[in-house]
Amino acid sequence: MSQPSTPSKLIAHYIQGRVAHGSSARRQDVFNPATGAVSGQVALAASADVDAAVAAAKAAFPAWADTSPLRRSRVMFKFLELLNAHKDDLARMITAEHGKVFTDAQGEVTRGIEIVEFACGIPQLLKGDFTDQVSTGIDNWTLRQPLGVVAGITPFNFPVMVPMWMFPVALAAGNTFVLKPSPIDPSPSLFMADLLKKAGLPDGVFNVVQGDKESVDALLVHPDVQAISFVASTPIANYIYETGARHGKRVQALGGAKNHMVVMPDADLEQAVDALVGAGYGSAGERCMAISVAVLVGDVGDKLVPMLAERARTLKVKNGTELDAEMGPIVTAAAHQRITGYIEQGAKEGAQLLVDGRSFKGAQAGPGCDQGFWMGGTLFDHVTPEMRIYKEEIFGPVLSCVRVKDFAEAVNLINAHEFGNGVSCFTRDGNVAREFSRRIQVGMVGINVPIPVPMAWHGFGGWKKSLFGDMHAYGEEGVRFYTKQKSIMQRWPESIGKGAEFVMPTSK
């Protein structure tokens, strides 16, 4: 079983059922964000390595596609059993390479497991429709068949959950899969590959290529890759969508976000503050569903902002291995620098900086953390829509408060933003909740729920520039994305009349 890497260990690819070091000598350091120490190196694939992974998947596809859905489901059931037995191992890997606190990492693994549970029901999910006697002596039915080789390109912030948005449904539907995870936290991908093999998945059905843009571009143009699933920032999602579609692929590219939480004057303020702190600073704000803007309606800001500032100042920012930690480090030094730049920009633009996370030092996080990528929570008040900290995705522990006079202004503010991933409204008023749910131009809506990530059978996806493509991830839309519908009409010679027919067939 794969284990978290050591400085001497190379985190390699997984092709045709075994670890493969690949043809490229390019390597990238993998860090422990809490300490800043190099914990290993990851191989960066060349296009030849992508070719090898796709070739393995292509060779494995015919037999896997012909395997009955029930037998494929049994492999998923065994994989589920193994995941439950090793979920803490996966969580420890996430904490070691991403930095999020261990309890949050456990939650990530659990949400991924829920997709596997959904995929175990694939025999029911692949059922088609049948019409007897659609015309005299003719029956018509539909079925769904797998696409072939499909690929997933996944981000650093959820190295277990986001891949499991993709490959369990794709594999259960009869496809073969090539995963290209983030090189920032690559170890969980090999661990999951090991578990799939132990679950009885045939060699070549699931492959992993570690890498960067070179491997991404190789997947996008490869003629044998039929579909691409992607999650990361909007500019790259747009690039993935346009490039993949231009090369004839089905593409599902989930992009960035700027998630708002509206707090109405009648909201329970303690609950609202709890929600904003957890959703804004959890996982150091490195979530595409993190709340990064609090929209404070009427006079609620005067009451809520002081409470929020106090909570932001007293966040338990610690090494993620500490079980009472509420927030861990930033994932990389480069990300830390980028977030710092946004805080500087917000202050220059005139936002009121109430809590400055830049003052937090690594030594405060615990022993050995002084060289880690540490930052505390940051809180801005009186942010306006013209400011960059409002318009752009920061992807860090920075919460901006925007004040509006009424509910209508809050809705118009959110609907005018280019992103439409997730949104929340805290209120006691049922009519406000109903109107908000209907009129807001955002794909995932929470009413008194700060992070409304849909459950496994519903599907995940935003609107506007948060999603490129026509289908959401996982759920029944995920089944549709990874399959193609075929319609079959059938009749037998005894029911066929004599003579050629030259008119458009109609029901008779």
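A quick note: this is a predicted structure, and the numbers were derived from the prediction, not measured. All values below come from the heavy atoms of this structure, side chains included, with hydrogens, waters and symmetry mates left out. Along the sequence shown, the residues carry numbers beginning at 1.
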Is there a side-chain contact (heavy atoms from CB on, under 4.5 Å) between Ile496 and Arg491 once you walk through the steps? CA-CA 8 Å; Ile496 300 175; Arg491 68 180 176 184; 3.4 Å; yes
Thinking salt bridges, do Glu108 and Arg111 make one under a 4.0 Å N-O criterion? no
Keeping Ser135 on the side-chain end and Ile138 on the backbone end, is there a donor-acceptor pair under 3.5 Å? no
Is any side-chain heavy atom of Ile240 closer than 4.5 Å to a side-chain heavy atom of Ile153? yes
Does some side-chain heavy atom of Phe102 sit less than 4.5 Å from a side-chain heavy atom of Asp88? yes
Could you tell me if the side chain of Val225 sits less than 4.5 Å from the side chain of Val178, heavy atoms only? no
Any side-chain heavy atom of Leu196 within less than 4.5 Å of one from Met76? yes
Check Met289 against Ile451 and note the closest heavy-atom contact, atom names and distance. CB-CG2, 3.7 Å
Passes salt bridge (Lys or Arg N to Asp or Glu O under 4.0 Å), Arg72 versus Asp66? Steps please. CA-CA 10 Å; Arg72 296 197 299 259; Asp66 278 345; over 6 Å; no
Is it the case that the side chain of Thr142 and the backbone of Asp129 share a donor-acceptor pair, with hydrogens and angles ignored and the cut-off at 3.5 Å? yes
Within-4.5 Å side-chain heavy-atom neighbours: Val30 and Ile184: no
Ignoring hydrogens and geometry, is there a side-chain-to-backbone donor-acceptor pair from Ser215 to Ala45 under 3.5 Å? no
Indicate yes or no for a side-chain donor-acceptor contact from Ser189 to the backbone of Pro186 under 3.5 Å, with no hydrogens or angles considered. yes
The complete set of ring-ring contact (aromatic ring centres under 6.0 Å, His included) pairs with one or both residues in residues 429-471, sequence neighbours excluded, reads Trp165-Phe460
Does the Tyr239 side chain pair with the main chain of Glu242, one donor and one acceptor, at a distance under 3.5 Å? no
Taking side chain as C-beta onward, heavy atoms only, is His98 less than 4.5 Å from Asn157? yes
Where the side chain of Thr131 meets the backbone of Val134, is there a donor-acceptor pair that is under 3.5 Å apart? no
Please check if the number of heavy atoms outside Lys249 that lie under 6.0 Å from its NZ is greater than 12. yes
Does this structure show an ion pair linking Asp203 with Lys197, if we count only N-O contacts that are shorter than 4.0 Å? yes
Test ring pair (Phe, Tyr, Trp, His ring centres under 6.0 Å) applied to Tyr390 - qualifying residues, sequence neighbours left out: His260, His417
Please report the closest heavy-atom contact between Leu171 and Trp64, naming both atoms and the distance. O-NE1, 2.9 Å
Could you check whether Tyr241 and Gln252, counting side-chain N and O atoms only, form a donor-acceptor pair closer than 3.5 Å? no
Asp194 bridged to Arg18 by N-O distance under 4.0 Å: no
Check step by step if side-chain contact (heavy atoms from CB on, under 4.5 Å) holds for Tyr482 and Val150. CA-CA 8 Å; Tyr482 289 119; Val150 299; 4.0 Å; yes
Pair Ser487, Asn140 - check side-chain hydrogen bond (donor to acceptor under 3.5 Å, both in side chains), show working. CA-CA 7 Å; Ser487 176; Asn140 188 189; 3.2 Å; yes
Return the CD to CD1 distance between Glu386 and Ile389, rounded to the nearest 0.5 Å. 11.5 Å
Charged tip of Lys391 within 45° of Phe419 ring normal and under 6.0 Å: no
When rounded to the nearest 0.5 angstrom, what distance separates NZ in Lys58 from CG in Asp224? 3.5 Å
Check: Ser187/Glu97 side-chain N/O donor and acceptor closer than 3.5 Å: yes
More than 12 heavy atoms of other residues, nucleotides or ligands under 6.0 Å from NZ of Lys464: yes or no? yes
Which value, rounded to the nearest 0.5 Å, describes the distance between Asn448 atom CG and Ser424 atom OG? 7.0 Å
Within 6.0 angstrom of Arg26 CZ, more than 12 heavy atoms from elsewhere: yes
Arg250 bridged to Asp470 by N-O distance under 4.0 Å: no
What do you reckon, is CD of Glu501 surrounded by more than 12 foreign heavy atoms closer than 6.0 Å? no
Quick one: pull up OG1 in Thr110 and CD in Glu117 and give me the separation to the nearest 0.5 Å. 9.0 Å
side-chain hydrogen bond (donor to acceptor under 3.5 Å, both in side chains) assessment of Lys486 paired with Gln145: CA-CA 7 Å; Lys486 181 180 288 182; Gln145 293 183 310; 2.8 Å; yes
Between Val263 and Ala272, what is the shortest heavy-atom contact and its length? CG1-CB, 4.1 Å
Indicate yes or no: does Lys258 engage Glu418 in a salt bridge with an N to O separation below 4.0 Å. no
Are side-chain heavy atoms of Met164 and Val116 found at a separation under 4.5 Å? yes
Exercise: identify the closest heavy-atom pair between Thr234 and Lys465: OG1-O, 2.7 Å
A side-chain contact here means heavy atoms from C-beta on lying under 4.5 Å apart; do Val295 and Met261 qualify? no
Residue set satisfying ring pair (Phe, Tyr, Trp, His ring centres under 6.0 Å) with Phe206, at least two apart, ordered chain then number -> Phe167
Let me confirm one number: the CD1-CG distance from Ile394 to Leu399, rounded to the nearest 0.5 Å. 9.5 Å
Could you go through Ser292 and Asn259, starting from their C-alpha distance and side-chain angles, then the distance that decides it, and tell me whether this counts as side-chain hydrogen bond (donor to acceptor under 3.5 Å, both in side chains)? CA-CA 6 Å; Ser292 54; Asn259 304 319; 6.0 Å; no
Measure the CZ-CG distance between Phe158 and Asp185 for me, rounded to the nearest 0.5 Å. 11.0 Å
So does Gly211 get a backbone contact from the side chain of Lys180, meaning a donor-acceptor N/O pair under 3.5 Å? yes
Nearest non-hydrogen partners of Met444 and Gly462, listed with the distance: CE-N, 4.0 Å
For the backbone of Arg144 and the side chain of Thr483, can you confirm whether one donor and one acceptor N or O come within less than 3.5 Å of each other? no
Could you walk me through whether Leu179 and Val209 pass the side-chain contact (heavy atoms from CB on, under 4.5 Å) check? CA-CA 6 Å; Leu179 173 63; Val209 286; over 6 Å; no
Pair Gln210-Leu190, side-chain contact (heavy atoms from CB on, under 4.5 Å): steps then yes or no: CA-CA 10 Å; Gln210 312 286 1; Leu190 294 187; 4.0 Å; yes
Does the pair Asp266/Arg428 count as a salt bridge with the N-to-O cut at 4.0 Å? no
With a 3.5 Å distance limit and no angle check, can you tell me whether Asn415 reaches the backbone of Gln441 through a side-chain donor-acceptor pair? yes
Shortest non-hydrogen contact between Gly204 and Thr176, atoms and distance: O-CB, 4.3 Å
Flag, side chain of Asn175 to backbone of Val149, donor-acceptor distance under 3.5 Å: no
